[in-house]
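Single-structure report; data block below.
A quick note: this is a predicted structure, and the numbers were derived from the prediction, not measured.
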Amino acid sequence: MATIETSVSISKPVEKVFEFITNLDNQKKLSSYITGVEVSEPLKLGTKYKIETTSMGHKNVTTNEVVSFEPNKKFGVKTFAAPPASDVTNTYILEKDGSGTKLILQMDAVLAPAGMPTMPGMEDMMKTQMKEGLDTTMIAMKKLIEG
């Protein structure tokens, strides 16, 4: 299991940032692949929801569970992946940063799931690519939140 971490400073208070990241409809604004979000109750620890993605005409539905929920401090979601992929946990940590917010994103993932072929340097390459994707997401999130 590897932890990949990135952060961004957002010039909005933690309350506004937390509100944005816990509004699941905002996921669609961050990824053109997300075509649907289905949640049947308000978000809290243990809430499960589904996200539908579409890529090259192929639809995929993932089940997610809120694994940490501390208003204006922390929001964590575990995504249950179909094999050969492995489950991933994303945790957002919010820290007051002057009049704004430092938003930290930590992703816990298995970079080389069992049964997948590996070669030297593959995990480092995957970690680098995943971090670049997280950095891109955080920049997009910052732009959306700040307006």
Should the heavy atoms of other residues, nucleotides or ligands under 6.0 Å from NZ of K102 be counted, would the total exceed 12?
no

Nearest heavy atoms of K73 and F18, plus distance in Å
N-CD1, 4.3 Å

d(I145 CD1, K143 NZ) to nearest 0.5 Å is 13.0 Å

About how many Å separate CD1 of I51 and CD1 of I34, when rounded to the nearest 0.5 Å?
5.0 Å

Return the set of residues passing side-chain contact (heavy atoms from CB on, under 4.5 Å) with L43 (not counting sequence neighbours), or none when no residue passes.
T22, L24, V39, T47, Y49, V66, F69, F75

Which atoms form the tightest heavy-atom contact between K48 and E65, and what is the distance?
CE-OE1, 3.5 Å

Side-chain contact, heavy-atom cut-off 4.5 Å: L30 with L144?
yes

Is a donor on one side and an acceptor on the other found under 3.5 Å between the side chain of N26 and the backbone of I21?
no

Do you know which of S9, S7, S11 makes side chain to side chain donor-acceptor pair (under 3.5 Å) with D97?
S9

Hey, could you give me the CD/OG1 distance between E132 and T137, rounded to the nearest 0.5 Å?
12.0 Å

Do L103 and M141 touch side chain to side chain, with heavy atoms closer than 4.5 Å?
yes

Rounded to the nearest 0.5 Å, what's the gap from OG1 on T6 to CG on L134? Could you check?
7.0 Å

Which pair of non-hydrogen atoms, one from V88 and one from A109, has the smallest distance, and what is that distance?
CG2-CB, 4.1 Å

Can you find a heavy atom in the side chain of K50 that is under 4.5 Å from one in the side chain of V37?
no

Side chain to side chain contact (heavy atoms under 4.5 Å, CB included) between T53 and K59, worked out:
CA-CA 6 Å; T53 56; K59 288 186 180 183; over 6 Å; no

Given side chains that start at C-beta, do those of T62 and F80 come closer than 4.5 Å, heavy atoms only?
no

Shared ILVMFWY cluster between V77 and M130, side chains joined below 4.5 angstrom?
yes

Heavy-atom closest pair (S86 atom, V110 atom, distance to 0.1 Å) is OG-CB, 3.3 Å

Is there a side-chain hydrogen bond (donor to acceptor under 3.5 Å, both in side chains) between T3 and Q106? Walk through the geometry before answering.
CA-CA 6 Å; T3 299; Q106 296 174 338; over 6 Å; no

Side chain to side chain contact (heavy atoms under 4.5 Å, CB included) assessment of D87 paired with K78
CA-CA 7 Å; D87 300 345; K78 182 173 187 174; 3.6 Å; yes

Any heavy-atom pair between the side chains of I104 and E95 that's under 4.5 Å?
yes

In Å, rounded to the nearest 0.5 Å, how long is the span from CG of D124 to CD of Q129?
11.5 Å

Inspect the surroundings of NZ in K28 and state if more than 12 heavy atoms from other residues, nucleotides or ligands are less than 6.0 Å away.
yes

Measuring from atom CE of M107 to atom NZ of K131, what distance do you get when rounded to the nearest 0.5 angstrom?
12.0 Å

Inspect the surroundings of CD in E38 and state if more than 12 heavy atoms from other residues, nucleotides or ligands are less than 6.0 Å away.
no

Connected via hydrophobic side-chain network under 4.5 Å: I93 and I10
no

With N64, which of T89, T79, N90 fulfils side chain to side chain donor-acceptor pair (under 3.5 Å)?
T79

Can you name the residues that form a salt bridge (Lys or Arg N to Asp or Glu O under 4.0 Å) with K12, not counting sequence neighbours?
none

Evaluation steps, side chain to side chain contact (heavy atoms under 4.5 Å, CB included), between N60 and E52:
CA-CA 6 Å; N60 186 42; E52 178 182 272; over 6 Å; no

